[in-house]
Amino acid sequence: MVQTIQGSYHGKGLRFGIVLSRFNEFVAGRLLEGALDALRRHEVEDSDITVVRVPGSWEIPLAAKRLAESGNHDAVLCLGVLIRGQTPHFDYIAAEAAKGVAHASMETGVPLLFGIVTAENLEQAIDRAGAKSGNKGFDAALAGLEMANLLRQLPGAAG
Ligand code: DLZ
């Protein structure tokens, strides 16, 4: 008999951190709305959600790591919007943000979810923040719920 372990989407009693980049705030704000909508629909209490705002996506990993290290969050959602411009900035920031979030998650053992939109232009970014292509904030929150519940069942879980 195959044993399959997977996380549910139950949110009651779970505590979430959200790190939100202020850059491209018009779109980033929609990611936050999407994430909060998903968490609330799954019975996460507002009092169990902490939102931390940082200047840009470059700063997300450090703030997310601090939240993860605090031991006060079952998962941390990393939300930001990177739009390719005329300079190589985009590639540097996107690569380091992705690496940084992955690293911090592995180091702390806390699920850090990658909800940073990387888009070629504003239209693509808007599409991924609640228009044509879903909402990456909502998706990150669902993944966070699932991972938080999954980790409770895997070896090494506290309690
Ligand atoms: C500088 C910069 C640029 C050009 N573009 C973006 C972007 O599209 N999305 C984003 O989240 N942040 C951007 N930033 C800001 C950097 O992430 C960072 O905040 C600054 O370089 C200061 O360290």
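Quick caveat, the model's predicted, so the values are computed rather than measured.
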- Task: Please assess Asn149 against Leu14 for the test side-chain contact (heavy atoms from CB on, under 4.5 Å), listing each intermediate value before the final yes or no.
- Result: CA-CA 9 Å; Asn149 283 303; Leu14 292 181; 3.8 Å; yes
- Can any side-chain N or O of Ser57 pair as donor or acceptor with the backbone N or O of Ala97 at less than 3.5 Å? no
- Query: So, Gln153 side chain and Gln6 main chain: donor-acceptor pair closer than 3.5 Å or not?
  - Reply: yes
- Query: Looking only at heavy atoms, what is the nearest atom pair of Ala68 and Thr108, with distance?
  - Reply: CB-OG1, 3.6 Å
- With a 4.5 Å heavy-atom cut-off, do Val54 and Leu20 have their side chains touching? no
- Query: Would a 4.5 Å heavy-atom cut-off, applied to side chains only, mark Leu39 and Ile49 as touching?
  - Reply: yes
- Do the side chains of Leu142 and Tyr9 get nearer than 4.5 Å, heavy atoms only? yes
- Task: Under the side chain to side chain contact (heavy atoms under 4.5 Å, CB included) rule, collect the residues that match up with Gln124, sequence neighbours excluded.
- Result: Ala119, Glu120, Asn121, Arg128
- Message: Is there a path of hydrophobic side-chain contacts, each under 4.5 Å between heavy atoms of I/L/V/M/F/W/Y residues, joining Ile93 to Phe90?
- Response: yes
- Message: By the definition side-chain hydrogen bond (donor to acceptor under 3.5 Å, both in side chains), identify the one residue from Arg66, Lys65, His73 that meets it with Glu69.
- Response: Lys65
- Task: Mind checking side chain to side chain contact (heavy atoms under 4.5 Å, CB included) for Asn24 and listing every partner two or more places apart, or none if nothing turns up?
- Result: Val81, Ile83
- Which heavy atom in Pro61 sits nearest to a heavy atom in Ala104, and how many Å separate them? O-CB, 4.4 Å
- Task: Could you list the residues that satisfy side chain to side chain contact (heavy atoms under 4.5 Å, CB included) with His103, not counting sequence neighbours?
- Result: Glu107
- How far does OG of Ser70 sit from CZ of Arg15, to the nearest 0.5 angstrom? 8.0 Å
- Of the non-hydrogen atoms in Ser21 and Ala28, which two are nearest, and what is the gap between them? O-CB, 3.5 Å
- For residues Val52 and Leu67, determine if any side-chain heavy atom of one lies less than 4.5 Å from a side-chain heavy atom of the other. yes
- Task: Rounded to the nearest 0.5 Å, what's the gap from CG on Leu151 to CE on Met147? Could you check?
- Result: 4.5 Å
- Item | Worked verdict on Arg53 versus Leu32 for side-chain contact (heavy atoms from CB on, under 4.5 Å) | CA-CA 11 Å; Arg53 289 176 180 264; Leu32 177 63; 3.9 Å; yes
- Query: Taking it one step at a time, do Val27 and Val117 satisfy side-chain contact (heavy atoms from CB on, under 4.5 Å)?
  - Reply: CA-CA 9 Å; Val27 189; Val117 168; 6.0 Å; no
- Message: Side-chain heavy atoms nearer than 4.5 Å, only ILVMFWY residues, links allowed to pass through others: does that put Val51 and Ile116 together?
- Response: no
- Message: Using side-chain heavy atoms (C-beta onward) and a distance below 4.5 Å, is Arg152 in contact with Asp74?
- Response: yes
- Task: Please confirm whether the backbone N or O of Gly17 pairs with a side-chain atom of Thr50, one donor and one acceptor, at under 3.5 Å?
- Result: no
- Query: Roughly how far, to the nearest 0.5 Å, is OH of Tyr92 from CH2 of Trp58?
  - Reply: 10.0 Å
- When rounded to the nearest 0.5 angstrom, what is the spacing between CZ in Phe16 and CG in Leu113? 7.5 Å
- Query: Is there side-chain contact between Arg30 and Ile126, with heavy atoms separated by less than 4.5 Å?
  - Reply: yes
- For the residue pair Cys78 and Leu112, what are the closest heavy atoms and their distance? SG-CB, 4.4 Å
- Do His10 and Leu145 touch side chain to side chain, with heavy atoms closer than 4.5 Å? no
- Query: When clusters are formed by joining ILVMFWY residues with side-chain heavy atoms under 4.5 Å apart, either directly or through shared neighbours, do Leu31 and Ile60 land in the same one?
  - Reply: no
- Kindly give the heavy-atom pair with the smallest separation between Pro111 and Ala148, and that separation in Å. CG-N, 4.3 Å
- Message: Test your reading of the model: is there a side-chain donor-acceptor pair from Glu59 to the backbone of Gly56, 3.5 Å cut-off?
- Response: yes
- Honestly curious: do Val101 and Ile18 fall in one hydrophobic cluster under the side-chain, below-4.5 Å linking rule? no
- Query: Heavy atoms, side chains only, cut-off 4.5 Å: are Val19 and Leu77 in contact?
  - Reply: no
- In Å and rounded to the nearest 0.5 Å, what is the CD to CG distance from Glu146 to Leu150? 7.0 Å
- Message: Working to the nearest 0.5 angstrom, can you tell me the gap between Leu79 CG and Lys136 NZ?
- Response: 12.5 Å
